[in-house]
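Within every chain, numbering begins at 1; the chains are lettered A, B, ... in the order of the sequence lines, protein sequences first and strands thereafter.
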2 protein chains.
Amino acid sequence: MNTREEVLDFVHHGAERFLPHLSIDCAIFGYHDHDLKTLLIRHHGQENWSLPGGYIGRHETLTEAAHRILAEKTQLTGLFLQQFYTFGDSATRMNRIKTEQTHNTTYSKVGVTLSPDHWLSERTLSIGYYALVDYLQVVVTPEFLVDDYCWLNVADIPRELVYDHNEIIQKALLTLRAHIFQQPIGYNLLPDKFTLPEIHSLYETILCKQIDRRNFRKKLLTLGLIRQLDEQRKIGPHRSPFLYEFDLDNYSRALEDGSILSF
Amino acid sequence: MNTREEVLDFVHHGAERFLPHLSIDCAIFGYHDHDLKTLLIRHHGQENWSLPGGYIGRHETLTEAAHRILAEKTQLTGLFLQQFYTFGDSATRMNRIKTEQTHNTTYSKVGVTLSPDHWLSERTLSIGYYALVDYLQVVVTPEFLVDDYCWLNVADIPRELVYDHNEIIQKALLTLRAHIFQQPIGYNLLPDKFTLPEIHSLYETILCKQIDRRNFRKKLLTLGLIRQLDEQRKIGPHRSPFLYEFDLDNYSRALEDGSILSF
DNA sequence: TTACAATGCGTAAATTCTACGCAATAATCT
DNA sequence: AGATTATTGCGTAGAATTTACGCATTGTAA
C-alpha cells in the first residue's frame with residue numbers, strides 16, 4: 001500500500017479481500033558479518049517500533065500470504081520463511097482500547113477514524129513467521145503508512161515494541177537457535193559458495209557463543225553437510241580460504257538418520 | 001453443546017460469541033502401558049473421523065480457549081497442552097465446496113442447512129494443540145453432534161481423516177517426539193511417584209524404539225531429572241521396583257545449561 | 001626476506017555412549 | 001523350605017565422540 005488511495009481502499013474494503021481477526025507478523029532476521037539484525041518499522045504517528053506484518057487474503061493459502069507479505073517488505077522472493085507460533089494471549093491483544101488508539105493515530109494520516117467495530121479495530125491473533133536474509137541485499141521501501149524503518153541488532157531491540165512484538169521476537173530467536181541444528185540455515189544466509197570463516201561466524205552470531213574453529217569444520221565435514229571446493233577466495237593480506245558449498249542431499253539424509261548438530 | 005437447543009443457538013448466534021475463520025484442533029495423546037493412542041470423534045452423518053476441536057471465544061485468550069476445549073472433550077483440567085502449528089494451506093481448507101457438504105450432513109441433525117456465507121461455512125484456519133493424558137482416566141462424553149468416538153493407536157489411524165487432520169496428527173507426533181527431550185513429558189503422563197520401568201516404557205512408546213533399560217536409568221539419574229525414593233512398589237511375583245519422582249528444579253536447570261536428553 | 005595474521009589440518013586427553021554381565025528380589029512351584 | 005523364574009538394580013570395559021589445543025601453511029605488506 002503505497003498511496004493514499006490504496007490505503008483508503010484497504011480500510012473500507014479490506015474485509016472483503018482479507019480474513020479478519022488474524023494477521024501475520026514477520027521477524028525478519030538479517031545477517032551480515034557477525035551481526036544479527038531485525039527489521040523494524042514505525043507506523044505513522046506511533047512512538048514504538050513494530051514488526052512488519054499483514055493480513056491473509058481470502059483466496060490465498062497461509063504460506064502464500066506469508067511469502068507475499070515478506071516480499072512486500074523486502075522486495076525479495078523465495079526467502080527462507082518459517083512459521084513458529086501463533087500469538088493470542090497478550091493483554092494488548094485482548095484489550096481493545098489500546099489497539100484503537102494506536103491504530104487511529106496511524107490511520108489519521110489518511111483522514112480516517114476507525115470505529116470500535118471496524119474490522120481493523122477488532123481482536124486479532126497473529127501468526128508468527130521468521131525469515132532469514134542478507135540485510136545488505138534488502139531494499140526496504142516503506143509503505144505509505146510507515147514513517148520509518150531500521151535494522152537493529154537483536155541485542156539492541158527496545159523493550160517497548162508495539163503490542164506483544166517483544167514476545168514474538170524472543171520466541172522467534174529461540175526457535176531460530178533451535179532450528180540451526182536441524183535445518184540448513186546457512187544455506188539461506190550465505191552465498192552459494194562460502195568460506196569456512198564465513199559460516200563459522202554465522203553460527204557464532206546466531207548462537208551467541210564461541211565455537212572452536214577447527215572442531216566446527218571437522219563436524220560439518222564429517223557429517224557431510226558441506227563440501228570443500230577446489231576454488232579459493234582472495235581476502236586481503238592473508239591466506240586464501242577455500243570455498244565450500246552445502247550438500248543438501250547429505251543434509252537431509254543426516255537429519256533422517258537422526259544425527260544432529262551440536263556445539 | 002449437549003442439546004439440540006444449544007447447537008441451534010451456536011449455529012445462529014455463535015458468530016457473536018466466537019471468532020470466525022479460526023478454530024483449534026487438539027491431538028489428544030493418551031498413553032497407558034506401552035500404548036500411545038489418539039482420541040478421534042465422528043460427527044453425525046460423517047464417514048471419516050476427525051480430531052476434537054472448537055472455536056475461540058471473543059473474550060477468551062487463545063490458551064484459555066485451548067484448555068476449555070480440551071476440558072469439554074476430556075472432563076479433565078490442568079492437563080499438559082502445547083500449541084505446535086497453525087494450519088492454513090490444505091486444499092480442503094481452501095476449497096469451500098467440500099467443507100459445506102461435510103458440515104451440512106452434520107448440521108442436518110438439527111434441521112439446519114448452512115448457506116455458503118454462513119460463518120461455519122467460511123474458510124477456517126486451525127491452530128493445532130497436542131495434549132497428553134492417561135487415557136484410562138478420561139471420561140469421554142460425546143457432544144450432541146458427535147455420533148461416535150474412539151481411542152486409536154497412533155499406528156492404526158486411518159488415512160482418510162476429515163480435512164487435513166492426518167497432517168495435523170503427523171505434525172503433532174513429530175513435535176511430541178522432539179519435545180520429549182526438552183520437557184518433562186513424563187510428568188504429565190505418569191503418577192507423581194512412578195517406577196523406572198514405567199517411565200522407561202513411556203519413552204520407548206513415544207519414540208517408537210528400544211532404549212537400553214540400564215543406560216536409560218543412568219542418564220536420567222546423572223542429569224538429575226528424576227530422584228529415587230525410599231519406597232518401593234509391590235508388583236506381582238517379581239522384585240519390587242523403587243519409586244522415583246521428577247526433580248523439576250533440576251529439570252529446568254539442566255535445560256538452561258543446554259544439557260539435553262538423547263537416546 | 002621477514003613479519004604477521006589468518007586458514008587448514010592433525011592429535012591426545014577427557015568425556016560420553018553403548019553393550020552387556022550379574023547379583024538381588026519377590027513371588028510361585030515342587 | 002528350597003528351587004525356579006521373571007524382573008529390577010547396579011557396575012564395568014570398550015567404542016565412539018567431543019574438546020582443547022599445537023603447528024605448519026599461505027598471502028600480503030613492510
Peer 1: N/O contacts under 3.5 Å, protein versus nucleotides 26-30 of chain C?
Peer 2:
unit_1 : atom_1 : unit_2   : atom_2 : d
C/dA26 : O4'    : B/His238 : O      : 2.9
C/dA26 : N3     : B/Pro237 : O      : 3.2
C/dA27 : OP1    : B/Gly236 : O      : 3.4

Peer 1: What donor-acceptor contacts under 3.5 angstrom involve side-chain atoms of residues 133-140 of chain A, with partners at least two apart or in another chain?
Peer 2:
unit_1   : atom_1 : unit_2   : atom_2 : d
A/Asp134 : OD1    : A/His32  : ND1    : 3.3
A/Asp134 : OD1    : A/Leu136 : N      : 3.0

Peer 1: Mind telling me whether A/Phe246 and A/Tyr187 have parallel, tilted or perpendicular rings, with 30° and 60° as the class edges?
Peer 2: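 Ring orientation, 0 to 90° scale: perpendicular.
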Peer 1: Rounding to an integer number of Å, can you tell me how far A/Glu198 CD sits from C/dT7 P?
Peer 2: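 For the pair A/Glu198 CD and C/dT7 P, the rounded distance is 10 Å.
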Peer 1: Under a 3.5 Å threshold, yes or no: a donor from one side chain and an acceptor from the other, between A/Gln82 and A/Thr175?
Peer 2: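 Judged by distance alone, the side chains do not pair up.
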Peer 1: If the sugar-phosphate is the primed atoms plus P, OP1 and OP2 and the base is the rest, what is the B/S/- string for nucleotides 17-23 of chain D, using protein heavy atoms under 4.0 Å?
Peer 2: -SBBBB-
Peer 1: Rounded to the nearest Å, what distance is computed from the CZ atom of residue B/Arg233 to the P atom of nucleotide D/dT7?
Peer 2: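 Rounded to the whole Å, the gap is 16 Å.
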Peer 1: Quickly work out the A/Leu220 CG to C/dT7 P distance and round it to whole Å.
Peer 2: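 These atoms are roughly 16 Å apart.
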Peer 1: Just do the salt bridge (charged side-chain N to carboxylate O under 4.0 Å, His left out) check on A/Arg68 and A/Glu72 with the steps written out, would you?
Peer 2: CA-CA 6 Å; A/Arg68 173 183 52 77; A/Glu72 285 171 6; 3.0 Å; yes
Peer 1: Between P on C/dT18 and CD on B/Gln210, what's the gap in Å once rounded to a whole number?
Peer 2: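 It works out to 14 Å between those atoms.
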Peer 1: Would you mind listing every ring pair (Phe, Tyr, Trp, His ring centres under 6.0 Å) that reaches into residues 207-238 of chain A, with sequence neighbours excluded?
Peer 2: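 For residues 207-238 of chain A: A/His200-A/Phe216, A/Tyr203-A/Phe216, A/Phe216-A/Phe263.
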Peer 1: What is the separation between atom CZ on A/Phe242 and atom P on C/dT7, rounded to the nearest whole Å?
Peer 2: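 Whole-Å distance recorded here is 13 Å.
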Peer 1: Let's see if you get this right: which residues in residues 247-255 of chain B place a heavy atom under 4.0 Å from DNA chain D?
Peer 2: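 Listed by number, there are none.
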Peer 1: Determine whether the side chains of B/Asp25 and B/Ser126 contain a donor N or O and an acceptor N or O closer than 3.5 Å.
Peer 2: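 B/Ser126 and B/Asp25 do have a side-chain donor-acceptor pair below 3.5 Å.
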Peer 1: Under 3.5 Å, is there a donor on one side chain and an acceptor on the other for B/Thr61 and B/Thr63?
Peer 2: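 No, no side-chain donor-acceptor contact under 3.5 Å.
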Peer 1: What is the distance from CG of B/Leu223 to P of C/dT15, rounded to the nearest Å?
Peer 2: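 It works out to 16 Å between those atoms.
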Peer 1: Counting only heavy atoms not in A/Asp192 (residues, nucleotides, ligands), do more than 12 fall under 6.0 Å from its CG?
Peer 2: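 Atom CG in A/Asp192 is not crowded, with 12 or fewer foreign heavy atoms closer than 6.0 Å.
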Peer 1: Per the salt bridge (charged side-chain N to carboxylate O under 4.0 Å, His left out) rule, which among B/Glu231, B/Glu245, B/Glu198 passes with B/Lys193?
Peer 2: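 With B/Lys193 as partner, B/Glu231, B/Glu245, B/Glu198 yield a single salt bridge (charged side-chain N to carboxylate O under 4.0 Å, His left out), made by B/Glu231.
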Peer 1: If I take atom CG in residue A/Leu196 and atom P in nucleotide D/dT25, what distance separates them, rounded to the nearest angstrom?
Peer 2: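 It works out to 19 Å between those atoms.
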Peer 1: Students often mix this up, so state it plainly: with edges at 30° and 60°, are the rings of B/Phe87 and B/Phe84 parallel, tilted or perpendicular?
Peer 2: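 Perpendicular, since the angle between the ring planes exceeds 60°.
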Peer 1: List for me each residue that meets salt bridge (Lys or Arg N to Asp or Glu O under 4.0 Å) alongside A/Arg177, sequence neighbours excluded, and say none if there are none.
Peer 2: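 Not a single residue meets the salt bridge (Lys or Arg N to Asp or Glu O under 4.0 Å) criterion with A/Arg177.
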